[in-house]
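This is a predicted model, so every value here is computed, not measured.
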Amino acid sequence: MSVTCCGRVHHCASPRRLMDKAGIGMCLSQPQSKSKVSGVPMLRPAQSLEGVEERDEEQEEDGEEDMRDGGIPFFVNRGGLPVNEETWERMWKHVTRIHPDGEEVEKRIRGATDLPKIPVPTVPTYQPTTSVPHRLEAIQTYVRDLQYNHTGTQFFEIKKSRPLTALMDIAKEMTRECLPIKCLEAVILGIYLTNSMPTVERFPISFKTQFSGSHFRHIVLGIHSSGRFGALGISRRVDLMFKPLKYRTLADLLQEFQTAYKGYWHTLRKVKIGQYVSHDPHSVEQIEWKHSVLDVEKLSKEELRKELERHTRDMRLKIGKPAPVSPNKDRRKDMGSPLRNPGSPMRKNSRSERRLSGEKKSLDPKPAADMNGYQIRV
């Protein structure tokens with residue numbers, strides 16, 4: 001079995017790996033109205049603009065990732081790897097439905113026997129003398145070599161509420177399978193690949209933007225080392241992922257992303273910034289995804305700068321706090337999972353514990369015509 005990614009093909013390599021890489025270069029159309037394929041409710045239905053933000057906030061409170069690709073719903077592979085037959089067929093049905101030449105593409109690729117192989121990226125290794133900036137550039141190169149996933153099916157299921165140790169297991173699987181990834185998967189992979197760099201602090205940065213009446217979301221991994229900020233990640237747009245370790249403040253880094261969004265006619269509405277992530281790959285603590293929720297629309301430039309400075313101080317304070325103890329490998333079986341222990345230190349921050357900017361919600365004016373339904377996805 002083989003699939004094509006941007007015109008190149010990846011063949012099966014082992015029972016553990018359905019494919020070396022996967023993906024189909026396609027031009028995604030507007031969301032479809034169907035929410036099920038073959039009776040499997042894994043595709044978020046297309047939604048009208050009314051109430052979208054409220055539902056998204058509820059999803060985030062439940063710790064679920066936003067399963068939309070630039071506003072377009074997409075499937076998530078929940079059956080693990082190798083991809084089972086049901087997921088495989090569902091993926092192809094999705095492709096034929098949203099690709100302009102869907103049926104023709106399916107017949108051409110699935111029936112081919114002489115498709116060329118492509119090289120599989122290898123996890124970067126370094127010499128002890130390799131500097132942090134050069135290591136980060138090597139990691140970003142590896143992430144980009146995996147390629148952005150355009151198939152409409154996310155291959156790795158990422159639940160934000162899972163403990164760090166479980167997310168790191170998924171990151172290991174990413175390095176074994178070498179499949180195309182989306183932005184949330186890239187953040188988890190970036191954490192995994194920088195765990196061995198104690199002088200590098202990592203934290204998630206989520207963006208909510210608006211274009212032509214629709215909202216879009218993106219996430220990158222913020223980096224802080226030697227008094228400078230940067231970022232790792234993946235995106236369709238080259239200036240919305242990697243940022244070298246050169247920005248003096250978090251405000252400078254955020255301004256760089258905001259400028260990039262303006263270049264695509266997207267207005268930055270909200271930014272959510274998490275806390276530093278533990279370097280212990282066996283930690284049972286959860287990633288704090290949104291310690292600070294900043295309403296960019298309602299904050300002046302100076303107010304935003306002060307909020308970002310405050311968040312930077314909060315992150316520095318966390319470094320001195322002990323992390324939750326990892327579970328003992330030989331604990332009694334009847335103790336159960338530490339995640340289900342009522343006394344567990346892991347818990348999601350309640351809404352009241354987070355610092356929010358601009359609590360009151362103002363009604364947005366009705367958006368103008370949306371350029372004949374055209375969407376710029378970033």
Considering all heavy atoms, the nearest Q286-R162 contact: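 Taking every non-hydrogen atom into account, CG-O, 4.1 Å.
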Any pair with a residue in residues 231-258 that passes ring pair (Phe, Tyr, Trp, His ring centres under 6.0 Å), sequence neighbours left out, goes on the list, sorted by first then second residue, please.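 Matches after skipping sequence neighbours: F207-F257.
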How far apart are the closest heavy atoms of I191 and R202, and which atoms are they?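 Here I191 and R202 meet closest at O-NH1, 2.9 Å.
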Decide yes or no on side chain to side chain contact (heavy atoms under 4.5 Å, CB included) for V76 and I158, but give the supporting numbers first. CA-CA 9 Å; V76 174; I158 307 294; over 6 Å; no
Looking at H224, R316, H291, E201, which hits side-chain hydrogen bond (donor to acceptor under 3.5 Å, both in side chains) with Y276?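 When H224, R316, H291, E201 are each tested with Y276, the side-chain hydrogen bond (donor to acceptor under 3.5 Å, both in side chains) holds only for H224.
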How about L146 and L189: do any of their side-chain heavy atoms sit closer than 4.5 Å?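 In contact.
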Exam field: side chain Q147 to backbone P180, donor-acceptor pair closer than 3.5 Å: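 Judged by distance alone, no pair lies under 3.5 Å.
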Evaluate the salt bridge (Lys or Arg N to Asp or Glu O under 4.0 Å) criterion for residues E104 and K107: first the C-alpha distance (whole Å), next the side-chain angles of each, then the deciding distance (0.1 Å), finally the verdict. CA-CA 5 Å; E104 181 182 342; K107 291 178 181 178; over 6 Å; no
Is R110 paired with E89 through a side-chain N to carboxylate O contact shorter than 4.0 Å?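 Salt bridge flag = yes for R110 with E89.
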Test item: H218 side-chain N/O and L240 main-chain N/O as donor-acceptor pair under 3.5 Å: yes
Can you tell if the side chain of K301 reaches within under 4.5 Å of the side chain of R305, non-hydrogen atoms only? no
Against P204, only a single residue in I219, I188, L184 fulfils side chain to side chain contact (heavy atoms under 4.5 Å, CB included); can you say which?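 Answer to the side chain to side chain contact (heavy atoms under 4.5 Å, CB included) test with P204 among I219, I188, L184: I219.
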Measuring only between side-chain heavy atoms, which start at C-beta, is F75 closer than 4.5 Å to T87? no
Work out which heavy atom in W88 is nearest to a heavy atom in V83; give both atom names and the distance. N-CG1, 3.7 Å
Inspect the surroundings of CD in E103 and state if more than 12 heavy atoms from other residues, nucleotides or ligands are less than 6.0 Å away.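 Not buried by this count: 12 neighbours or fewer within 6.0 Å.
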Steps toward side chain to side chain contact (heavy atoms under 4.5 Å, CB included) verdict (T249, E309): CA-CA 8 Å; T249 66; E309 288 179 352; 5.8 Å; no
With a 4.5 Å cut-off on side-chain heavy atoms, are L164 and D280 touching? no
Do H266 side-chain atoms and A260 backbone N/O form a donor-acceptor pair below 3.5 Å?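 Checked: no pair found.
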Which heavy atom in N149 sits nearest to a heavy atom in K182, and how many Å separate them? O-NZ, 3.0 Å
Is the shortest side-chain heavy-atom distance between I273 and L254 below 4.5 Å? no
Counting C-beta onward and ignoring hydrogens, is there a side-chain heavy-atom pair between L193 and L232 closer than 4.5 Å?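 In short, these two side chains do not touch, never coming nearer than 4.5 Å.
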Please give me the minimum heavy-atom distance between Y142 and T175, naming the atom from each residue.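 Closest heavy-atom pair between Y142 and T175: OH-CA, 3.4 Å.
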Would you mind listing every ring pair (Phe, Tyr, Trp, His ring centres under 6.0 Å) that reaches into residues 180-200, with sequence neighbours excluded? none
Testing the basics here: between I234 and V143, what is the closest heavy-atom pair and its distance to 0.1 Å?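 Scanning both residues completely, I find the closest heavy atoms to be CD1-O, 3.7 Å.
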Please check if atom CD in Q127 has more than 12 non-hydrogen atoms from other residues, nucleotides or ligands closer than 6.0 Å.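 No, CD of Q127 has 12 or fewer neighbouring heavy atoms, counting only those of other groups under 6.0 Å.
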What I'd like to find out is whether the side chain of I223 reaches to under 4.5 Å of the side chain of M197, using heavy atoms alone.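 No, every pair of side-chain atoms sits at 4.5 Å or beyond.
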Hey, does the side chain of H311 reach the backbone of G274 with a donor-acceptor pair shorter than 3.5 angstrom? yes
Pair E137, T141: side-chain N/O donor-acceptor within cut-off below 3.5 Å: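 No, because no side-chain N or O of E137 sits under 3.5 Å from a partner of the opposite role on T141.
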Start with the C-alpha distance between I287 and K160, add both sets of side-chain angles, then the distance that settles side chain to side chain contact (heavy atoms under 4.5 Å, CB included), and finish with yes or no. CA-CA 7 Å; I287 295 175; K160 291 182 177 180; over 6 Å; no
